Amino acid sequence: MTPRLIVERQMTEEESRVWITAEECALSEGFAPRRRREFRAWRALVRRELGRDAELAYDEVGAPVVKNRRVRIGVSHSKDRVAVVISDGRCAVDIESLARNFDRVRAHYLTDDEVGLESDPRFGAAAWSAKETLYKFGGLTGLDLKADLRLERADLEDDRGGIIGRICGGEPLRIEVRFDEEYVVTYIL
């Protein structure tokens with residue numbers, strides 16, 4: 001399978017209903033409207049890409065998995081968008097709104113060295129998203145955003161770029177970065 005990233009507007013509840021199971025539909029009825037739409041949207045997108053028989057569940061750390069396939073997925077959502085990565089190997093994705101003010105929480109997720117990596121005004125959002133992607137890729141609970149997830153280099157040119165990061169001092173990982181006018185998406189495939 002060719003690894004791929006899919007980012008699009010979330011389907012409406014009606015559009016997603018044809019892709020989700022009756023059990024998922026019933027379960028999500030008890031959710032708040034936004035959570036229900038997100039829950040249904042990523043499942044619908046994964047099934048649209050992999051087929052209606054894709055059995056979706058969560059692993060022991062709460063990450064989404066496809067049970068009846070030799071494929072791995074990563075999912076994320078923000079406001080009205082959903083992002084999914086599909087691969088044969090480990091993968092992760094995060095999507096964040098550029099309208100969110102990451103400066104208020106910068107001290108909670110960036111070290112002094114990381115703050116100076118990039119002058120692009122979108123770096124705060126990209127760095128947060130990159131650390132979220134590293135967290136998901138790590139597959140461990142309890143990772144600390146500053147101590148365990150480190151960013152070493154950033155190169156954000158135009159609407160594409162990359163960030164090099166490490167999980168608990170391990171091997172360097174390249175996190176791809178994509179911007180549009182409203183969102184940043186970071187992913188590892």
Side-chain angles (χ1 to χ4, degrees), residues 1-7 38 42 45-46 57-66 69-79 81-180 182-189:
M1 161 176 291
T2 303
R4 61 190 183 270
L5 165 71
I6 305 127
V7 180
E38 292 167 348
W42 76 259
L45 184 54
V46 168
Y58 294 98
D59 67 14
E60 60 279 353
V61 295
V65 296
V66 181
R69 303 278 178 90
R70 286 189 164 182
V71 66
R72 296 192 182 189
I73 60 171
V75 301
S76 185
H77 34 75
S78 180
K79 290 187 182 178
R81 298 268 176 95
V82 62
V84 171
V85 286
I86 301 171
S87 178
D88 290 332
R90 288 173 55 198
C91 57
V93 65
D94 189 65
I95 185 169
E96 297 291 338
S97 170
L98 292 174
R100 184 173 166 194
N101 183 358
F102 290 92
D103 290 337
R104 295 181 309 165
V105 294
R106 181 171 283 186
H108 296 290
Y109 72 97
L110 290 177
T111 66
D112 291 342
D113 289 340
E114 291 170 331
V115 169
L117 288 176
E118 177 66 55
S119 62
D120 189 305
R122 303 170 298 180
F123 179 68
W128 175 272
S129 188
K131 287 205 174 189
E132 287 285 322
T133 297
L134 284 172
Y135 190 95
K136 293 173 183 180
F137 191 81
L140 304 168
T141 58
L143 292 173
D144 182 271
L145 290 175
K146 285 177 78 170
D148 299 325
L149 306 174
R150 301 301 301 269
L151 306 180
E152 297 180 348
R153 282 193 318 260
D155 179 22
L156 306 179
E157 292 185 24
D158 300 319
D159 294 333
R160 302 175 74 89
I163 295 175
I164 303 298
R166 293 179 192 259
I167 303 168
C168 299
E171 293 297 316
L173 297 165
R174 178 168 173 87
I175 306 147
E176 299 296 330
V177 180
R178 301 292 178 263
F179 293 101
D180 69 15
E182 298 178 55
Y183 294 91
V184 60
V185 177
T186 60
Y187 61 98
I188 301 172
L189 280 176

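Please read these numbers as outputs of a predicted model, since none were measured by experiment.
Of the possible polar contacts, one joining the K146 side chain to the A107 backbone as a donor-acceptor pair under 3.5 Å is found. Not a single donor-acceptor pair under 3.5 Å links the side chain of T133 to the backbone N or O of A92. Counting only distance, with no hydrogens or angles, the side chain of D158 and the backbone of R160 share no donor-acceptor pair below 3.5 Å. Between the Y135 side chain and the T141 main chain, no donor and acceptor come within less than 3.5 Å of each other. Between the side chain of K136 and the backbone N or O of A63, no donor-acceptor pair lies under 3.5 Å. Using modelled atom types, one side-chain atom of T111 and one backbone atom of E114 make a donor-acceptor pair closer than 3.5 Å. Between the side chain of T186 and the main chain of S129, a donor-acceptor pair closer than 3.5 Å is present. Between the Y109 side chain and the G124 main chain, a donor and an acceptor come within less than 3.5 Å of each other. The backbone N or O of L149 lies less than 3.5 Å from a partner atom in the side chain of K131, making a donor-acceptor pair.
Residues satisfying the salt bridge (charged side-chain N to carboxylate O under 4.0 Å, His left out) test with D120, not counting sequence neighbours, are R122.
Between W42 and Y58, the ring planes are perpendicular. Angles over 60° get that label, and only those under 30° would be called parallel.
The existence of a salt bridge linking R150 and E152 is excluded, since no basic side-chain nitrogen approaches an acidic carboxylate oxygen closer than 4.0 Å.
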